[in-house]
Novice: 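Shown below is the structure under consideration.
To find a chain, count down the sequence lines: A is the first, B the second, and so on, and within it residues start at 1. Hydrogens, waters and symmetry mates play no part in the numbers below; they use all other heavy atoms, side chains included. Note that the structure is predicted; figures quoted are calculated from it, not measured.
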2 protein chains.
Amino acid sequence: MATITIKDVAREANVSVASVSRALNGGSGVTAETGQRIRDVALRLRYIPHAAARMLITRRTNTIGALLPDLYGEFFSELIRGIDLAARAHGLHLLVSSSHDSSEDAAAALRAMQGRVDGMLIMSAHVDDAFLRANLPEDLPTVLINSPVQDEAYRVINVDNYAGARAMTKHLIDTGHQDIAFIAGPENNFDAQQRENGYRAAMAKYASKVEPVVVAGDFTEEAGFRAGEALLARKKRPNAVFAANDMMAVGCMHAFREAGVCVPQDIALAGFDDIPVARYVAPPLSTVRVRIVDLGRSALEAVASMLENPDHQVTAGPTFGCEIVVRETCGARGAPASHE
Amino acid sequence: MATITIKDVAREANVSVASVSRALNGGSGVTAETGQRIRDVALRLRYIPHAAARMLITRRTNTIGALLPDLYGEFFSELIRGIDLAARAHGLHLLVSSSHDSSEDAAAALRAMQGRVDGMLIMSAHVDDAFLRANLPEDLPTVLINSPVQDEAYRVINVDNYAGARAMTKHLIDTGHQDIAFIAGPENNFDAQQRENGYRAAMAKYASKVEPVVVAGDFTEEAGFRAGEALLARKKRPNAVFAANDMMAVGCMHAFREAGVCVPQDIALAGFDDIPVARYVAPPLSTVRVRIVDLGRSALEAVASMLENPDHQVTAGPTFGCEIVVRETCGARGAPASHE
DNA sequence: AGCAGCCATGAAAACGTTTACGTTCCCGCC
DNA sequence: GGCGGGAACGTAAACGTTTTCATGGCTGCT
């Protein structure tokens with residue numbers, strides 16, 4: 001109970017607290033022999049340095065904060081997994097604050113983390129340059145994930161949504177679908193916008209005769225379902241649908257199935273993200289794969305490197321590539337695929 | 001740059017540091033007038049108390065740690081969401097360490113959190129009484145989630161897997177399926193065992209003539225797929241399959257579909273968890289719903305209450321109920337259900 | 001033998017708070 | 001008018017580390 005401190009170890013080992021500190025940290029400045037003795041005592045006493053005291057004097061918390069939006073299912077867990085893995089590899093702790101759906105909300109969370117973290121990982125629809133300047137100490141190493149922020153001061157790691165969406169749209173066109181409708185994501189969402197841009201660019205270039213069709217969505221299955229219904233109700237039914245994320249694609253597929261519309265025979269379908277479940281829906285969903293774990297990992301590693309050499313200039317992180325994954329819903333495969 | 005401390009505020013407001021502390025915390029022991037002046041100054045200087053210094057003297061971190069296993073997708077994110085929401089509501093921070101797949105791994109993570117948290121939330125297949133005694137300070141408020149630990153000293157919050165599995169099995173039997181096979185979860189997993197027990201109990205009681213059939217699994221879609229194949233290959237094919245979790249059910253459904261076996265006409269299917277995607281697979285999956293968000297929330301609230309009144313005796317948490325959700329795969333519904 | 005210099009070690013300051021304890025002041029009551 | 005008491009406020013100790021600086025002993029060289 002009475003928590004034991006460095007002094008207890010020092011007394012027990014017949015040395016000063018300074019030596020204990022040295023033995024337990026660098027190890028230099030102390031004889032190998034006494035060092036070992038000290039470590040033995042520390043182990044025997046189950047001594048654990050008081051984190052707060054150390055933070056106070058060291059001015060390092062060995063913790064990085066992750067500010068995440070109200071993310072759904074697979075994406076969230078994969079992202080966290082990547083972040084967490086990398087954090088552990090770097091000996092860093094992870095302070096998480098998720099499910100933020102308003103700007104004030106995020107600001108409050110950001111302020112609350114003040115002083116408890118050495119660096120920040122921020123992914124949120126609500127952050128822009130002004131927000132960051134207002135709520136973030138300018139010297140706090142920060143990495144933005146999938147953010148529209150252009151400010152040179154912040155390092156940003158983005159998924160190349162544009163290229164991914166463009167490639168998938170082109171693929172759909174190449175396999176014979178010209179009338180492609182797009183189910184958009186939330187309006188203020190950066191990824192969603194980029195994906196829509198990619199879709200529009202491919203349409204303009206490879207299917208210039210047809211007018212792009214974009215219906216609203218918000219990344220939820222529910223929205224996908226409604227969008228699917230809406231598309232079927234149109235006078236000119238598209239022959240392919242490209243949803244801004246997999247969840248909406250799944251919802252859309254659900255709508256089609258209930259209406260008796262066959263995928264991909266009657267209408268092709270594609271999503272974005274390649275969430276694990278994409279391959280298990282029926283039929284398996286063609287989509288654009290984002291290596292989410294790697295995204296989280298490299299985001300954390302960017303912060304880690306920033307606080308390992310603080311002088312090092314922030315370099316614009318490379319965008320994170322995606323690849324299209326052709327399964328069955330896009331109609332490019334004749335026979336059912338084998339289990340991958 | 002030069003971080004501003006309580007002294008700066010004190011000097012600027014012409015008071016002592018003690019008054020600043022009082023004004024900013026309790027507010028008592030200081031005139032309303034000076035209190036306001038101090039708060040104004042603090043705001044103007046953007047003063048933020050140094051968390052570590054406060055922890056050091058207060059001996060409270062206002063942080064709780066969450067030790068989680070290598071959880072998949074939806075379950076993980078829902079759980080974290082619940083925990084995070086409750087934590088924010090209580091003004092607590094959340095230190096997360098996930099993806100632990102070995103006992104040493106978990107022990108290391110646990111030790112690393114030592115002193116940085118006021119309480120712990122632990123969900124892991126690898127913890128048992130001995131593990132906890134060895135790696136956890138006995139006075140650290142701790143709540144175990146879905147754990148087999150029986151020790152009175154720890155508060156445990158469990159999902160009532162047994163009752164849920166029993167109910168679903170009974171439901172399958174009631175709707176005309178007697179030959180029910182069970183796809184088991186990981187061997188050392190407590191939830192998995194409880195679910196299997198529930199299945200066996202229901203079989204023994206309501207379908208005593210048929211021998212229970214249990215095939216191995218590990219909670220992954222892959223395992224479900226293989227189990228599905230294996231079940232189809234049996235000489236006496238079951239007319240219903242109950243998977244220990246939804247992921248395996250989805251994998252199993254995939255196997256059935258590839259084999260041309262129709263669900264639920266040829267064979268009924270049920271899962272466990274009600275992950276969000278369960279309703280979007282085709283056909284929508286009957287399953288046992290676990291209110292994961294609530295589980296996380298109440299786990300955190302249990303810890304919170306423990307550290308709000310430390311003397312309060314730990315009370316055995318109530319098990320967390322489940323309810324069966326009848327969709328289409330169990331064959332109990334004639335027509336396709338409407339979108340819920 | 002003496003001296004320079006290195007190395008192990010200890011003493012003490014510092015980090016930024018909270019809080020126990022004094023001090024001062026003012027008010028009311030005898 | 002003196003005196004008791006409470007409220008506002010200040011002083012300083014304490015929390016448990018790390019780290020700078022001083023000290024002493026030893027080594028190796030001249």
Novice: Residues from residues 14-25 of chain B sitting under 4.0 Å of DNA chain D, heavy atoms only?
Specialist: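 Within residues 14-25 of chain B, the residues near DNA chain D are Asn14(B), Val15(B), Ser16(B), Ala18(B), Ser19(B), Arg22(B).
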Novice: Which ones in residues 47-64 of chain A lie close to DNA chain C, meaning a heavy atom under 4.0 Å from one of its atoms?
Specialist: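 By residue number: Leu56(A), Ile57(A), Arg59(A).
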Novice: I need the minimum non-hydrogen distance between Ile64(B) and Val117(B), along with the two atoms involved.
Specialist: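 Nearest pair, atom of Ile64(B) first, then Val117(B): C-CG1, 3.9 Å.
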Novice: Separation of Ile4(B) atom CD1 from dC15(C) atom C1', in whole Å?
Specialist: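 In whole Å, dC15(C) C1' and Ile4(B) CD1 are 16 Å from each other.
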Novice: With Leu144(B), which of Asn158(B), Asp151(B), Val156(B), Leu121(B) fulfils side chain to side chain contact (heavy atoms under 4.5 Å, CB included)?
Specialist: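 Per the side chain to side chain contact (heavy atoms under 4.5 Å, CB included) rule, the option paired with Leu144(B) is Val156(B), out of Asn158(B), Asp151(B), Val156(B), Leu121(B).
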Novice: Output the rounded distance in Å from CG (Asp8(A)) to C1' (dT17(D)).
Specialist: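 So the two atoms are 13 Å apart, to the nearest Å.
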Novice: Any donor-acceptor pair under 3.5 Å linking the side chain of Arg39(A) with the backbone of Ala23(A)?
Specialist: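 Yes; judged by distance alone, with no hydrogens or angles, the pair exists.
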Novice: Would you confirm whether Asn146(A), through its side chain, and Asp191(A), through its main-chain N or O, come within 3.5 Å as a donor-acceptor pair?
Specialist: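 Side chain of Asn146(A) to backbone of Asp191(A): no pair is present.
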Novice: Take atom CZ of Arg37(A) and atom P of dA8(C), then tell me their distance rounded to the nearest Å.
Specialist: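 In whole Å, dA8(C) P and Arg37(A) CZ are 14 Å from each other.
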Novice: With distance as the sole criterion, is a donor-acceptor pair present between the side chains of Thr61(A) and Arg116(B) under 3.5 Å?
Specialist: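 Side-chain D/A pair, Thr61(A) to Arg116(B): absent.
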Novice: Are Arg44(B) and Asp40(B) close enough for a salt bridge, meaning some N to O gap below 4.0 Å?
Specialist: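 No.
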Novice: What does the list of N/O pairs under 3.5 Å between the protein and nucleotides 6-8 of chain D look like, with a distance for each?
Specialist:
| from | atom 1 | to | atom 2 | distance (Å) |
| --- | --- | --- | --- | --- |
| dA8(D) | O3' | Thr31(B) | OG1 | 3.1 |

Novice: Rounded to whole angstrom units, what separation is found between the CD1 atom of Ile6(A) and the P atom of dA14(C)?
Specialist: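 Rounded to whole Å, this separation is 19 Å.
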Novice: Any Lys/Arg nitrogen of Asp84(B) or Arg81(B) sitting under 4.0 Å from an Asp/Glu carboxylate oxygen of the other?
Specialist: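 Salt bridge absent between Asp84(B) and Arg81(B).
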Novice: Using the side chain to side chain contact (heavy atoms under 4.5 Å, CB included) rule, pick out the option among Arg60(B), Arg59(B), Met306(B), His93(B) that qualifies with Asp118(B).
Specialist: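 Exactly one candidate clears the test, Arg60(B).
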Novice: Is Arg88(B) reaching over with its side chain to a backbone N or O of Ile83(B), donor-acceptor style, under 3.5 angstrom?
Specialist: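 A pair under 3.5 Å: no.
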Novice: Are any side-chain N or O atoms of Thr31(B) and backbone N or O atoms of Thr34(B), one a donor and one an acceptor, separated by less than 3.5 Å?
Specialist: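 Pair absent, no side-chain N/O of Thr31(B) close to backbone of Thr34(B).
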